[in-house]
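All values below come from the heavy atoms of this structure, side chains included, with hydrogens, waters and symmetry mates left out. Everything numeric here is computed off the predicted structure, so don't read it as measured data.
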Amino acid sequence: MSDIAEADHYRDGPAREDIPPPVGETLHENVDRLVGDVKTLIGAEKAYWSARLRYSKSLAKQAALLFGAAIALAASAFTALILGTLLVLSARVGPIWATVIVVLVTLTVSGLLAWIALKRARKLAIPTPSHGSRDEEDEL
């Protein structure tokens with residue numbers, strides 16, 4: 001054992017002189033003060049979390065508005081790209097064939113993107129237990 005563990009002071013507990021004298025408050029007054037402190041702490045925590053929630057809500061609203069504006073601008077850019085492609089192609093192959101080409105290419109690209117999205121979305125599926133035998137239900 002170490003010297004500290006063998007010391008009488010640590011083996012027998014603190015000396016009587018180490019304990020501070022009572023402050024002069026009764027137990028009832030101490031409990032009342034403690035209850036008041038707890039109420040103050042609860043009020044402060046409630047105010048903190050309320051302010052944090054309002055701040056987070058404000059940030060989420062701003063992000064949603066900016067994301068919506070970004071989507072609208074991206075849709076406008078794609079529309080401009082499609083119309084520009086139509087104008088360029090119509091000078092080369094005529095307006096009807098330009099429309100057919102642009103529509104087919106656009107549908108092909110959108111179908112490909114939808115197929116990729118569907119493939120990735122299937123990976124999100126949570127496996128469910130089969131409803132076959134009674135033993136499988138007992139294991140759950």
Side-chain angles (χ1 to χ4, degrees):
M1 286 195 174
S2 68
D3 294 334
I4 294 175
E6 293 174 357
D8 287 336
H9 179 74
Y10 290 103
R11 188 176 315 133
D12 298 331
R16 191 104 168 117
E17 299 85 39
D18 292 344
I19 300 173
V23 184
E25 293 182 357
T26 65
L27 181 60
H28 182 56
E29 291 169 338
N30 281 334
V31 170
D32 284 345
R33 187 166 41 87
L34 178 64
V35 168
D37 289 346
V38 168
K39 285 180 181 178
T40 302
L41 176 65
I42 290 172
E45 283 290 325
K46 183 180 174 186
Y48 168 75
W49 286 106
S50 175
R52 187 169 175 144
L53 180 66
R54 281 192 311 272
Y55 176 70
S56 297
K57 211 164 134 181
S58 170
L59 286 179
K61 190 185 295 184
Q62 289 173 5
L65 288 173
L66 290 171
F67 189 66
I71 288 175
L73 287 173
S76 298
F78 280 120
T79 302
L81 177 68
I82 289 170
L83 289 175
T85 306
L86 266 174
L87 287 172
V88 169
L89 282 177
S90 65
R92 302 262 186 223
V93 294
I96 293 183
W97 281 110
T99 303
V100 169
I101 292 169
V102 169
V103 167
L104 288 177
V105 169
T106 304
L107 288 176
T108 303
V109 170
S110 68
L112 181 64
L113 291 175
W115 179 71
I116 292 170
L118 187 61
K119 239 174 100 172
R120 294 207 178 154
R122 284 186 183 148
K123 291 180 183 179
L124 293 173
I126 298 171
T128 57
S130 63
H131 295 16
S133 69
R134 190 89 159 127
D135 295 335
E136 290 177 0
E137 291 177 12
D138 292 341
E139 290 177 11
L140 295 175

* In one Ile/Leu/Val/Met/Phe/Trp/Tyr side-chain cluster, 4.5 Å: Val103, Leu89 -> no
* Please name all residues satisfying side chain to side chain contact (heavy atoms under 4.5 Å, CB included) with Val31, sequence neighbours left out, ordered by chain then number. => Leu27, Val35
* Can you tell me if Ser56 uses its side chain to pair, donor with acceptor, with the backbone of Leu53 under 3.5 Å? -> no
* What are the two closest non-hydrogen atoms of Pro95 and Ser90, and how far apart are they? -> CA-CB, 3.9 Å
* To do: Indicate if Leu66 and Leu73 have the same hydrophobic cluster label, given that clusters are the connected sets of ILVMFWY residues with side-chain heavy-atom separations under 4.5 angstrom.
  => no
* Would you check if Val38 and Ile42 make a side-chain contact, meaning some heavy-atom pair closer than 4.5 Å? => yes
* Residues sharing Phe67's hydrophobic cluster, by side-chain heavy-atom contacts under 4.5 Å among ILVMFWY, directly or via others? -> Ile71
* Trp49 side chain reached by Arg52 side chain, heavy atoms, under 4.5 Å -> yes
* Over 12 foreign heavy atoms within 6.0 Å of CD1, Ile96 -> no
* Asp32 side, atom CG; Asp37 side, atom CG - distance, nearest 0.5 Å -> 11.0 Å
* To do: Using distance alone, with no hydrogens and no angle criterion, decide if Arg54 and Ser50 have a side-chain donor and acceptor under 3.5 Å apart.
  => yes
* Heavy-atom pair with the smallest gap, counting every atom of Leu81 and Thr85 -> O-OG1, 2.7 Å
* Can Leu104 be reached from Val102 by stepping across I, L, V, M, F, W or Y side chains whose heavy atoms are under 4.5 Å apart? -> yes
* Same cluster for Val93 and Val105 if Ile/Leu/Val/Met/Phe/Trp/Tyr side chains link at under 4.5 Å? -> yes
* Joint hydrophobic cluster, Ile101 plus Phe78, side-chain heavy atoms closer than 4.5 Å -> no
